Protein chains: 2
Amino acid sequence: MRDRVQETANCRGAAHRRQHPDAHTCDLCEARAFNMCNALEPHELERLAAIMSNQRVEAGTTFIEEGAPADDLFNLTAGTVKVFKLLPDGRCQITGFMMAGDFLGLSRGGAYAYSATAVTPVTFCRFQRPQLRGLFNELPKIERQMLGLAMNELMAAQDQMVLLGRKTARERIASFLLTLSDRAVRRGRPGNPVDLPMTRGDIADYLGLTTETVSRSFTQLKTDRVIALKGNHAVEILDLEALEDIAGIDERGELAFDSIA
Amino acid sequence: MRDRVQETANCRGAAHRRQHPDAHTCDLCEARAFNMCNALEPHELERLAAIMSNQRVEAGTTFIEEGAPADDLFNLTAGTVKVFKLLPDGRCQITGFMMAGDFLGLSRGGAYAYSATAVTPVTFCRFQRPQLRGLFNELPKIERQMLGLAMNELMAAQDQMVLLGRKTARERIASFLLTLSDRAVRRGRPGNPVDLPMTRGDIADYLGLTTETVSRSFTQLKTDRVIALKGNHAVEILDLEALEDIAGIDERGELAFDSIA
DNA sequence: GCCTTGCATTGATCCAGGTCAAGGATTGTC
DNA sequence: GACAATCCTTGACCTGGATCAATGCAAGGC
């Protein structure tokens with residue numbers, strides 16, 4: 001591994017590093033319903049809480065750097081994070097936007113497999129790997145839950161490969177909006193004025209496009225009365241059916257926890 | 001879900017359906033070392049073998065169809081399988097080539113999340129989901145092993161997103177060759193004359209390109225003396241370092257089973 | 001309130017890779 | 001071993017999205 005991920009390597013935007021410890025209990029956690037803690041009983045949750053620290057980082061903070069020692073695992077409880085990889089020459093691909101309930105910290109040979117930067121202020125539970133590994137033996141439920149989460153992420157990754165490999169710019173934008181809408185609904189928030197916490201540049205780096213093409217595609221969908229732009233960080237879906245047709249459907253609901261078997 | 005996956009839906013090539021039951025024991029299984037059975041003791045393997053059937057299908061057989069009821073899970077023991085998704089208009093994206101040790105059968109809401117077609121003659125172990133689920137409770141080791149496999153697949157998917165979103169045709173081909181070479185080595189086979197069981201069209205559908213562009217890129221790398229074509233289904237790497245430079249490295253070895261924690 | 005600064009949009013132009021169209025090379029079949 | 005049937009390669013041309021270059025716009029600092 002080259003030292004291509006420098007101190008400040010950060011897909012669009014400067015790196016910050018402040019972190020505000022800010023512990024609170026799992027009882028109030030809004031992400032419980034869809035993260036790895038989901039299946040745990042109160043006393044089991046206590047075991048988990050004992051080995052974790054609750055933290056908050058500001059927007060722009062890069063709290064995972066590809067290639068750095070993968071000491072910790074993160075469980076998002078609020079906010080949006082972009083996960084990305086950089087090519088040696090600086091080209092960036094965002095592999096996902098993570099939200100409450102998602103976990104972060106995949107490692108390959110002891111080093112983080114990607115970088116992660118907060119797009120909004122973010123809170124998460126932080127675990128040290130050895131301690132979490134220990135708990136896995138006591139509470140296999142966690143492992144099962146994580147397998148389900150990993151499978152769902154894998155399916156989302158496969159959808160994204162179809163998008164990146166075979167969809168047009170217009171189709172990518174449509175798919176992206178529908179996916180974000182779906183995820184908001186699944187988290188109990190309104191699905192229609194779609195919230196876009198990230199910049200056009202981030203969207204471009206996620207969809208394999210450029211800022212300009214993202215902007216033009218938005219404008220085109222607006223002209224076609226399929227969407228309406230509500231400032232830079234929200235989009236209203238005016239014609240859902242048209243948007244689904246453009247996207248190639250596929251963004252069907254169901255992310256049910258089939259787990260593996 | 002529309003009925004877009006017809007009886008014969010099959011990313012390049014006709015659908016077949018013959019299957020040859022051909023049971024044999026796990027003792028001789030060459031895929032043991034890198035699949036979900038890896039960690040099991042002999043008596044545990046017996047429990048697993050009791051609920052599985054061993055099958056063989058010919059090249060061209062589509063044995064998983066996206067959208068069909070996801071009754072079974074598969075564990076490849078030999079051969080190469082292409083996993084793909086189709087857009088309503090027939091555009092195809094291959095999301096992965098699976099080999100000995102890989103598992104197949106991800107489901108979303110009870111239906112297969114993708115189609116799978118044998119590229120070469122293939123053998124696999126087939127499990128019925130309910131039975132395998134039952135065994136998970138008895139042998140959590142399997143679940144742990146699967147979590148590791150899923151994590152590795154997820155990281156591979158993220159690398160593929162970088163490739164599809166940000167790499168040029170030439171870079172995609174270079175990355176592809178290096179990845180295949182690596183996987184062969186990891187399975188104890190020679191890494192240098194790289195074996196390409198799939199067609200140019202399959203490679204194109206995997207790399208988000210067209211047959212013509214794949215062919216031209218091969219020719220270009222050949223002209224540059226980086227590779228030599230050994231017929232249609234093998235490539236000799238003449239200048240590994242150059243190929244790695246073109247690929248943007250990233251295909252570092254290490255796919256070590258860190259699992260999650 | 002003005003000024004800075006970082007987005008976002010829009011326009012003009014370019015080019016990597018797609019599309020269309022022949023040919024050549026393999027592979028399997030009888 | 002001749003014939004299909006694929007599969008692969010190469011050439012000519014075209015186009016969707018990238019690149020280059022202004023210009024708009026809105027939010028925070030002072």
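Numbered from 1 within each chain, the chains take letters A, B, ... in sequence-line order. None of the values given here were measured: they were computed from a predicted structure.
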Point to revise | 5' precedence on DNA chain D between A/E212 and A/A169 (nearest-nucleotide basis) | key: A/A169

Exercise for review: Could you state the atom-to-atom distance from CG of A/L207 to P of D/dG17 in whole Å?
Suggested key: 12 Å

Point to revise | From OG1 (A/T95) to CG (B/D159), nearest 0.5 Å | key: 9.5 Å

Review point. Whole Å only: how far is the CG atom of B/L163 from the C1' atom of C/dG17?
Key: 15 Å

Practice item. State the NZ-CG distance between B/K167 and B/L209, to the nearest 0.5 angstrom. Key: 12.5 Å

Review point. C/dA16 P sits how many Å from B/R172 CZ, rounded?
Key: 14 Å

Exercise for review: Look at B/T210 and C/dG18 and indicate whether a side-chain polar atom (N or O) is within less than 4.0 Å of OP1 or OP2.
Suggested key: yes

Practice item. Compute the ring centroids of B/F103 and B/F74, then answer whether they are less than 6.0 Å apart. Key: no

Exercise for review: Note down the inter-axis angle between the two ends of the helix from C/dG1-D/dC30 to C/dC30-D/dG1, five pairs each, to the nearest 10°.
Suggested key: 50°

Study note, to complete from the structure: When rounded to the nearest 0.5 Å, the distance separating OG of B/S53 from CG of B/D72 is 7.5 Å

**Study point:** Heavy-atom closest contact (B/G105 atom, B/Y114 atom, distance)
**Key:** N-OH, 2.9 Å

Review point. Is the phosphate of D/dC7, meaning OP1 or OP2, less than 4.0 Å from a side-chain N or O of B/T199?
Key: no

**Study point:** A/F63 CZ to A/Q55 CD distance, which is reported to the nearest 0.5 Å
**Key:** 9.5 Å

Review point. Minimum heavy-atom separation for B/F84 to B/E66, with atom names?
Key: O-OE1, 4.5 Å

Check your understanding: What's the CZ-P distance between A/R200 and C/dT10, to the nearest Å?
Key -> 11 Å

Review point. Looking only at heavy atoms, which two atoms of A/K82 and A/I94 are closest? And how far apart?
Key: CD-CD1, 3.8 Å

Review point. Tell me, which of residues 214-231 of chain B have any heavy atom that sits under 4.0 Å from an atom in DNA chain C?
Key: B/R216

Point to revise | Distance, nearest 0.5 Å, that separates CD1 of B/I203 from CG of B/L196 | key: 5.0 Å

Check your understanding: Closest nucleotide of DNA chain D for A/N232 versus for B/T213: which of these residues is on the 5' side?
Key -> B/T213

